[in-house]
Participant: 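Have a look at the structure that comes next, please.
Keep in mind it's a predicted model, so treat the numbers as computed, not measured.
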Number of protein chains: 2
Amino acid sequence: MNQDSILRALVADNLVSDPTSARGRLLHEAARLFRDKGYERTTVRDLAAAVGIQSGSLFHHFRTKEEILKAVMVETIRLNTALMQAAVDAAETDRDKLQALVRAELESINGQTGEAMAVLVFEWRSLSEASQAYVLRLRDIYEQLWLDVLEALRHAGMLAAEPFVVRRMLTGALSWTVTWYRPDGGLTLDDLTEQVVAMMGLKASRA
Amino acid sequence: MNQDSILRALVADNLVSDPTSARGRLLHEAARLFRDKGYERTTVRDLAAAVGIQSGSLFHHFRTKEEILKAVMVETIRLNTALMQAAVDAAETDRDKLQALVRAELESINGQTGEAMAVLVFEWRSLSEASQAYVLRLRDIYEQLWLDVLEALRHAGMLAAEPFVVRRMLTGALSWTVTWYRPDGGLTLDDLTEQVVAMMGLKASRA
DNA sequence: CAATACCAAGCAAGCGCTTGGTTTGTAAAC
DNA sequence: GTTTACAAACCAAGCGCTTGCTTGGTATTG
């Protein structure tokens, strides 16, 4: 399963919008605008202009502006959960699984879905409470992928801190790369992955 | 130099507003509101109501709403830079200095100045470019404190990754605690500091 | 008696969203 | 293979409300 086929499978199940459809293009532009200017500073007129329609026509596709924000977040989580799952499945050892997760999350934050991931981090409070609860449930699935791997490492004596603390620190550290990492800065995502794993100082397995 | 005397010195030099003055109280309330609802969602009427005056009266103290956001950020950085400097100076070894910095930053994020620190992280884009540039210069001083310590550790062979990468990861990891850490959750800031330092897996000095 | 701090009222602009009507794509009916 | 039918997609206009900020005047304080 490569990235493209994972995306296609989700589109087929109607869990993610086809990027070439009107809805898909709007969500992509919305993610970019929300990241660049913030949700509140982005007007429905901005969103409409970005896809070349009138502001009123937006409401043919979405009932409210907030629904657009929610859709950006929901679809992003769905896609990345599937990508993460594939990354974990493809790795052999727990250490490799962790490295694969770090690499995949860095990719999701700084690659194709980067705009949407930044929105997920920085525009959280602009979601209504009901939407927050919904997105949170999706996020839990995603987080469990991490915790399973970290707990295995902890159990093997390779991890010096509590898995849930480690995961939260990693969430912050990796999310934050969106504010400073630039692929043309002489540091590849592989380099970065290596540095992160090195920094964590995993010990040799007791087993 | 304890924390109170550091604050008093800054107030005396007019670098930070007296927390008991009208301006100081407004900035404190503004930080709280900006963190809770975001800068854009917080209206000047909200701000005025929080200190018990009319919205128009705000503009006697600040020329624009953005100036309030800028003041929150500037004063917070000034205070925390001074606190950090004191923490570093008080520690002996480089390892202890790092631990002191981690502890101090966790304190600043989750303690008294927590609201303002969260604003600094999440409301950055709401600042005008001119203000961003100004705040960035102040931040550089603060960051250099960290880099000096991390470079010393690296030089001693205790650090497995590049200092500037480590600092950026730490910035993200520690900032992120504001979204999940609760002091009443059975984990003290000391515990957390310990876990962070443990997670980094500092090696024994070569010296 | 001047400066500082505030109030009451409201303006101009921009906001999300609605409305009534027109175009466009598609596919069956003839 | 043209006509008819109809929904989806869109436009032009603008409504009602909120926003940051201004104005002219009044207390309060040293």
Participant: Could you give the CZ-to-P distance, from A:F59 to C:dG20, as a whole number of Å?
Facilitator: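 After rounding, the reported distance stands at 17 Å.
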Participant: Assign the ring pair B:F122 / B:W176 to parallel, tilted or perpendicular, where the plane angle (0 to 90°) is split at 30° and 60°.
Facilitator: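 Ring orientation of B:F122 relative to B:W176: tilted.
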Participant: Would B:K37 and B:E123 pass as an ion pair if we require N to O under 4.0 Å?
Facilitator: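 No, no charged N to carboxylate O under 4.0 Å.
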Participant: Can you work out whether B:G52 or A:V44 has the more 5'-proximal nearest nucleotide on DNA chain C?
Facilitator: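 On the 5' side of the pair lies B:G52.
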Participant: Within the pair B:H60 and C:dA5, is there a side-chain N or O less than 4.0 Å away from OP1 or OP2?
Facilitator: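 Yes, within the criterion.
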Participant: Cut-off 3.5 Å, side chains only: do B:Y134 and B:E129 have a donor facing an acceptor?
Facilitator: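 The answer is no; no qualifying pair exists.
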Participant: Rounded off to whole Å, could you give me the CG-to-P distance for the B:D46 and D:dT18 pair?
Facilitator: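 Taking atom P of D:dT18 as the reference, CG of B:D46 is at 12 Å.
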Participant: For A:L69 and C:dG16, give me the distance from atom CG to atom P, rounded to whole Å.
Facilitator: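 So the two atoms are 13 Å apart, to the nearest Å.
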Participant: Taking only side-chain N and O atoms of B:H61, does any of them lie within less than 4.0 angstrom of OP1 or OP2 on C:dC6?
Facilitator: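 True: B:H61 side-chain N/O within range (under 4.0 Å) of C:dC6 OP1/OP2.
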Participant: Round to the nearest Å and state the distance from A:I53 atom CD1 to D:dC11 atom P.
Facilitator: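 So the CD1-P distance, A:I53 to D:dC11, works out to 6 Å.
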Participant: How many Å lie between CZ on A:R45 and P on D:dA12, as a whole number?
Facilitator: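 After rounding, the gap between these two atoms is 14 Å.
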Participant: May I ask you to evaluate whether A:S57 reaches the phosphate of D:dA9, defined as a side-chain N or O under 4.0 Å from OP1 or OP2?
Facilitator: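 No, no such contact exists.
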Participant: A:K37 has an atom NZ; how far is it from atom C1' of C:dG14, in whole Å?
Facilitator: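 Result: 12 Å.
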Participant: Categorize B:S55 for me: base, sugar-phosphate, or nothing, with a 4.0 angstrom heavy-atom threshold over every strand shown.
Facilitator: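 Since a base atom lies under 4.0 Å of B:S55, the category is base.
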Participant: Taking only the side-chain nitrogens and oxygens of B:Q54, find out if one of them lies under 4.0 Å from OP1 or OP2 of C:dA8.
Facilitator: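 Yes, within the criterion.
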Participant: Are the charged groups of A:E151 and A:R167 less than 4.0 angstrom apart, N to O?
Facilitator: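 Judged by the 4.0 Å cut-off on N to carboxylate O distance, A:E151 and A:R167 do not form a salt bridge.
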Participant: State whether B:E162 and B:R154 are salt-bridged, where the test is any N-O pair (Lys NZ or Arg NE/NH1/NH2 against Asp/Glu carboxylate O) under 4.0 Å.
Facilitator: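 Answer for the salt bridge query: yes.
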Participant: Atom CG of A:L58 to atom C1' of D:dA12: distance rounded to whole Å?
Facilitator: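 My rounded result for the distance is 15 Å.
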Participant: In whole angstroms, how far is the C1' atom of C:dG16 from the OH atom of A:Y39?
Facilitator: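 Rounded to whole Å, this separation is 9 Å.
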